[in-house]
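Taking it in order: structure first as structure tokens, then the write-up.
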Protein chains: 2
Amino acid sequence: MGSKAKKFEPNEYDSVLFSVDPVILTMINGHLNVLLVKREQEPEKDRWALPGGRVDKKNCDDLDAAVKLKLRQKTGLDHAYAEQAFTEGGSDMDPRGWSLTTVYISLLCNDDIDLSKNDTGEEVAWYPVKKLDELGPLAFWHNLLIERALSRLRDKVVYTDLPMRLMPEEFTIHELRQVYEEILSGVLARPSFFKRMTTADILVDTGRKKSLGSRPAALYRYKNRSKTHIFPGMLEAKREESMR
Amino acid sequence: MGSKAKKFEPNEYDSVLFSVDPVILTMINGHLNVLLVKREQEPEKDRWALPGGRVDKKNCDDLDAAVKLKLRQKTGLDHAYAEQAFTEGGSDMDPRGWSLTTVYISLLCNDDIDLSKNDTGEEVAWYPVKKLDELGPLAFWHNLLIERALSRLRDKVVYTDLPMRLMPEEFTIHELRQVYEEILSGVLARPSFFKRMTTADILVDTGRKKSLGSRPAALYRYKNRSKTHIFPGMLEAKREESMR
DNA sequence: ATAATAGTGTCTTTCAGACATTATGAT
DNA sequence: ATCATAATGTCTGAAAGACACTATTAT
């Protein structure tokens, strides 16, 4: 098939082309954005793609190390949150042959990131996930991979405090709710949300306030950012918030 | 490293050894059992292992097809339930080199299975998951893979009706509860469980009864076995049921 | 009748949703 | 004073846990 497809007959039966593809998400101006890079190589040259790729087996002893390396290379962050979402594979994903990708969800706060720290020299950019279709098709099946990752994220957000990984050090409960609403594309009842968060023993009131032209809101901080809290019940997001 | 390791320098950088490893579970005599096969080849010859292995890329267009093929080969079942759990990879898992495995959880009813249908001619056996340590170490990291798969299963069982895939066509609510309790290694309150199941609109009373020396229990059947029900709240299993 | 277990009723607790009310700072 | 919105109180409803009670069969 492809003219540039490389040949590797020996042991081809046992091995597959493999890549790790992190879906790196952050909040920018109230909207969820995903990190993309522009491919400089065939196949799919000049298309936007997830900032993943082949695993450097010499420097990575296991999958987790491979993901951490990708994240460091693309965002400059050393301890970004990443969780494995799923693995997809098949003969149609990549013209070079039967290939496999493990998709991770990585959530981080935009304040912590400096894209100029990007190791790779590629063109990288944040893009709002809700406008991805305006960008045209991404490389490979990355549109599909992102959609599945977001679906998984939405499933988990209704019963966990995962969105905390998108928040800056200090934030108001209102800001936190907006992040939940953005992820769920729906509206949440304010009092329920407030109670849920303040009774869960996961937040600390810093005592300071943040004012935006009305009653100032209390600034909170997470008590323990390293472990994900599971709430006893599930949130219910209402439709609406369609346009903007 | 290993003396039998095959060489495939061309493009080795891009590809990894890959296998699919289903954790196939069923209930036997009230206990959760996992399907194992005895390896007939090096490495790890003569050790018990998960019934997985390399993917036949010529006959499988994607990952799902690969898992379905494994299940058919090992159990003779064509439409067994299987769900992807996670993927693990690294340089220490297999002496032949950096390798990757995607683990699936497959749940099925023992009544449906005839191990003599096994395609492969290997020695296969069911083994109780709670006695796996008595069997000695499994091949590769399969003890760890099974433990992680079971952990995932336990997490999901408290808010879904996944165990239905382990039940025969008709069953009593008591039998269903015993399956939940076996998976969770805990005791569930009978009335809560009964209400949860009978109010969820997932069961049909067949009208028939099953008697075991006292008041006969109603026999139920699942209304729709193909979609997993999500309950609004979570079950809480109590300790105990230690020995047996 | 008694034993044994299936099934049910009732009460309490927990927690989310809805709605109304109070609090606080900017103007 | 008025406005905007943060925070909270109260009520309701859904669903799980606990416990007691009733039902039905075998013996």
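Letters A, B, ... mirror the listed sequences (proteins, then strands); counts begin at 1.
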*Where at least one partner belongs to residues 149-162 of chain A, residue pairs that pass side-chain hydrogen bond (donor to acceptor under 3.5 Å, both in side chains), sequence neighbours excluded*: A/E83-A/K156, A/E147-A/R154

*asked:* Check the phosphate of D/dA6 against A/K210, side-chain N and O only, distance under 4.0 Å to OP1 or OP2. Yes or no?
replied: no

*Ring center gap for A/F193 and A/Y180 short of 6.0 angstrom*: yes

*Stretch residues 156-165 of chain B: residues that reach within less than 4.0 Å of DNA chain D through a heavy atom*: none

Acceptor/donor pairs from residues 19-28 of chain A side chains to any protein atom, 3.5 angstrom cut, sequence neighbours excluded:
| unit_1 | atom_1 | unit_2 | atom_2 | d |
| --- | --- | --- | --- | --- |
| A/D21 | OD2 | A/T101 | OG1 | 2.6 |
| A/T26 | OG1 | A/L108 | O | 2.6 |
| A/T26 | OG1 | A/N110 | N | 2.9 |

*Assign B/L235 to base, sugar-phosphate, or nothing according to its heavy-atom contacts below 4.0 angstrom with the strands shown.*
sugar-phosphate

*Using Watson-Crick and G-U wobble pairs with both distances under 3.5 Å, what is the 5'-to-3' dot-bracket string of DNA chain C, with [ ] for crossing pairs and | for pairs outside the strand?*
|||||||||||||||||||||||||||

_Any residue meeting side chain to side chain contact (heavy atoms under 4.5 Å, CB included) with B/P232, in chain and number order, not counting sequence neighbours_ = none

_Contact interval (first through last nucleotide) of DNA chain C with protein chain B, 4.0 Å heavy-atom_ = C/dA4 to C/dT10

*What's the CD-P distance between B/E236 and D/dA15, to the nearest Å?*
17 Å

_The criterion is side chain to side chain contact (heavy atoms under 4.5 Å, CB included); which residues satisfy it with B/A217, sequence neighbours excluded?_
B/T172

_With sequence neighbours excluded, residues passing side chain to side chain contact (heavy atoms under 4.5 Å, CB included) with A/A125_ = A/W48

Between protein and nucleotides 24-27 of chain D, what N or O pairs are separated by less than 3.5 Å?
none

_Proximity to the side chain of B/P191 - top-ranked nucleotide from D/dC19, D/dG9, D/dA7_ = D/dC19

*Could you check B/F231 against A/L219 and say which one's nearest nucleotide on DNA chain D is further toward the 5' end?*
A/L219

Mind listing the side-chain donor-acceptor pairs of residues 208-215 of chain A below 3.5 Å, one per line with the distance, residues two or more places apart or on another chain?
| unit_1 | atom_1 | unit_2 | atom_2 | d |
| --- | --- | --- | --- | --- |
| A/R208 | NH2 | A/E170 | OE1 | 2.8 |
| A/R208 | NH2 | A/E170 | OE2 | 2.6 |
| A/K210 | NZ | A/E175 | OE2 | 2.6 |

*asked:* Does anything in residues 194-204 of chain B come within less than 4.0 Å of DNA chain C? Heavy atoms only, and list the residues if so.
replied: B/F194, B/K195

*Could you pull out all residues at least two apart from A/S226 that satisfy side chain to side chain contact (heavy atoms under 4.5 Å, CB included)?*
A/N224

